[in-house]
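Read through the structure below, which is laid out as structure tokens, and then see the notes.
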Amino acid sequence: MVQIAGYAIGRGNTSSKAVIKDFRGQDVEVMYVKGSGSDLATMKAGNFTGLRMEDIRPLFERESMTDEEMVAYLGHCMVDSKHPRASIETLLHAFLPYAHVDHTHPDAIISLCCAHNGKELAQEIFADRFVWVPYVRPGFTLSKMIAEGVLANPNAELVLMEKHGLVTWGDTSEACYAQTIRIISEAEAFIEARVNEETLFGGVKHAPLSSDVRRKIAAEVMPAIRGAVSDVKKMILSFDDEEDVLAFVSGHQSPQLSQIGAACPDHLVHTKVVPLFIDWTPNADDVEGLRSKLVEGIALYKEQYQAYFERNRHEGDVMFEAAPRVILIPGIGMINTGKSWAMSQVSGALYHRAIAVMRGATALGDFVSLSENESYNVEYWPLELYKLTLAPAEAEFSRQVAFITGGAGGIGSATARRLVAEGAHVYWPILIWKERSRSPRKLTSNSATTARMQ
């Protein structure tokens, strides 16, 4: 995931409108929008969906439209049936009368949109150049609200979506990109002028343990964590003790802040509503105490997640694994879980963004998030879950860790490659030794679950 000017490019969606020749050789205005489930950091031309604007524009006159009606209608507007399903937020782009539109989730902007006084502060930053839209789940209603707000303000240069993100536009893709960066930079400068590092997250409660000690402790407790989170399906773990994570887990107010809710609706499927925050005083001699708190905490988290699901479920909903995706430990750092090392890394990357948002929002005011029911309705939203169905099916050895004890040459290499190809995560001491000898024998695979664990 690429990071530019304080936002993750891998998230959000973009669009461009152009006139092309259709199959009849006639000119037709088409909007190309990011396809559902693709990632702006890695997508290619084939991940965009082309839709006929003459078919979409009449929708603006409608009063309402369900998600199911919207998806079915947009399917008929496609210029090529081989294109992917259009983004959930297609109408947001279509209803705006601009050639190029960006919708992003910048840290600084979401900090503003997740501050209790965000709208008032936005007036200080942007004066009459912005449109503020209260939180509504993406779809027809939100798209129409955004377009109406922009059309009603001739000075509008951006849209701030409460608890969600940013919309910008331009006559060219370059102008749109430049506008996006400029707006983010304005918000970023405003926030940074108000950040007090000494009082961040309520000030330091627990200083981090030394790097060697915290990594040693993490290695000792991770087997217990993996066992506790793998009761339904096996999970793969990753450890993260980056500076921002350590600052957050060390804060006086962080246990409470972490339980307010997600920093952005798009995070929910990968991070759940809240992380598990362990109430533990950092102590290199209390590893057993930490292990016990982790096992107990994971069990309680799963009970609470089950209750959350039951309170909000709709007919036909099937509960995800109840185990936490993000585990925060004072003095140690963050442990992430997922069906693969790569997916645990996605959860971790998104929680870095959450920390950045809470850092900014608390510098401005109080951090606010979606309500429980709003969160559930995004986490279990059929249009959001559709994206998960686009991932490759799990292979035979998915979620497994393979340990190759011998075979320094061809046998070991062939074994490792075969296991990786079947979805396993491979630990091969010979490979580690070769890497440390600066003569690495690299594994290559198209498998998304390839990982070397050291």
Side-chain angles (χ1 to χ4, degrees), residues 107 111 114 191-192 194-226 228-229 237-263 267 271-302 304 323-337 344-345 347-367 369:
D107 296 341
S111 296
C114 284
I191 292 169
E192 290 306 314
R194 287 156 178 77
V195 171
N196 183 339
E197 296 291 347
E198 292 185 1
T199 60
L200 195 61
F201 307 129
V204 176
K205 181 178 182 181
H206 300 298
L209 298 173
S210 69
S211 177
D212 289 346
V213 170
R214 60 180 181 260
R215 287 173 177 269
K216 181 177 181 293
I217 292 175
E220 290 184 38
V221 300
M222 284 174 78
I225 295 174
R226 189 173 188 229
V229 301
L237 312 185
S238 58
F239 173 64
D240 188 326
D241 61 348
E242 293 294 324
E243 186 176 333
D244 60 328
V245 172
L246 291 174
F248 185 69
V249 299
S250 300
H252 274 280
Q253 297 173 354
S254 298
Q256 295 76 35
L257 275 173
S258 69
Q259 302 305 297
I260 290 174
H267 296 183
T271 65
K272 297 189 180 292
V273 182
V274 295
L276 170 60
F277 198 106
I278 301 298
D279 179 16
W280 181 68
T281 300
N283 182 349
D285 297 322
D286 187 31
V287 178
E288 190 54 45
L290 174 58
R291 186 182 288 110
S292 296
K293 284 181 176 289
L294 283 161
V295 172
E296 293 169 3
I298 291 167
L300 179 60
Y301 185 100
K302 289 189 286 191
Q304 293 173 339
R325 294 281 188 270
V326 180
I327 301 172
L328 304 172
I329 307 172
I332 303 295
M334 173 171 66
I335 293 172
N336 300 108
T337 74
S344 72
Q345 290 287 95
S347 297
L350 290 174
Y351 208 75
H352 276 281
R353 305 277 55 79
I355 291 171
V357 168
M358 288 184 280
R359 175 183 180 274
T362 54
L364 300 175
D366 297 329
F367 171 61
S369 182

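All values below come from the heavy atoms of this structure, side chains included, with hydrogens, waters and symmetry mates left out.
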Closest heavy-atom contact between Gln345 and Ser238?
OE1-OG, 3.2 Å
Pro255 backbone acceptor or donor facing Ser258 side chain under 3.5 Å
yes
Heavy atoms, side chains only, cut-off 4.5 Å: are Leu300 and Leu276 in contact?
no
Non-hydrogen atoms of Ser111 and Ala356 that approach each other most closely:
OG-O, 3.7 Å
Do Lys302 side-chain atoms and Gly297 backbone N/O form a donor-acceptor pair below 3.5 Å?
no
Point-to-point distance, once rounded to the nearest 0.5 Å, from CG of Leu246 to NE2 of His206:
13.5 Å
Looking at every non-hydrogen atom in both residues, tell me the closest pair between Ala263 and Cys114 and how far apart they are.
O-SG, 3.5 Å
Sub-4.5 Å side-chain heavy-atom contact between Ile298 and Ile225:
yes
Are Ile327 and Phe277 close enough, and set up right, to give a side chain to side chain contact (heavy atoms under 4.5 Å, CB included), and what steps lead you there?
CA-CA 6 Å; Ile327 301 172; Phe277 198 106; over 6 Å; no
Could you tell me if the side chain of Ile335 sits less than 4.5 Å from the side chain of Met222, heavy atoms only?
yes
Pairwise distance CG(Leu294) to CD1(Ile278) - rounded to 0.5 angstrom
4.5 Å
The complete set of side-chain hydrogen bond (donor to acceptor under 3.5 Å, both in side chains) pairs with one or both residues in residues 282-296, sequence neighbours excluded, reads Trp280-Asp286, Glu288-Arg291
Please check if the side chain of Ser347 supplies one atom and the backbone of Arg325 the other of a donor-acceptor pair under 3.5 Å.
no
Tell me, please, which residues at least two apart from Phe201 pass ring-ring contact (aromatic ring centres under 6.0 Å, His included).
Phe248
4.5 Å side-chain heavy-atom contact, Met334 and Glu242:
no
Side-chain contact, heavy-atom cut-off 4.5 Å: Pro275 with Tyr301?
no
Mind checking whether His352 and Asp240 have side chains closer than 4.5 Å, heavy atoms only?
yes
CG/Leu237 to CZ/Arg226 distance, rounded to the nearest 0.5 angstrom?
6.5 Å
Within this structure, what is the NZ-OG distance for the pair Lys216 and Ser211, rounded to the nearest 0.5 Å?
13.5 Å
Should Pro330 and Ser250 count as side-chain neighbours, where that means a heavy-atom distance under 4.5 Å?
no
Roughly how far, to the nearest 0.5 Å, is the CG atom of Asp279 from the CD1 atom of Ile329?
12.5 Å
Going from OG1 on Thr362 to CE on Met358, what distance comes out if it is rounded to the nearest 0.5 angstrom?
8.5 Å
Go through Tyr351 and Val245 one step at a time and tell me if the side chain to side chain contact (heavy atoms under 4.5 Å, CB included) criterion holds.
CA-CA 9 Å; Tyr351 208 75; Val245 172; over 6 Å; no
Where Ser369 and Gly261 come nearest, the two heavy atoms and their spacing:
OG-C, 3.3 Å
Does a sphere of radius 6.0 Å around CG in Asn196 hold more than 12 heavy atoms from other residues, nucleotides or ligands, not counting ones at 6.0 Å or beyond?
yes
Flag, side chain of Arg214 to backbone of Leu209, donor-acceptor distance under 3.5 Å:
yes
N/O donor-acceptor pair under 3.5 Å between Thr337 side chain and Pro324 backbone:
yes
Side-chain heavy atoms of Val213 within contact of Ile217, under 4.5 Å
yes
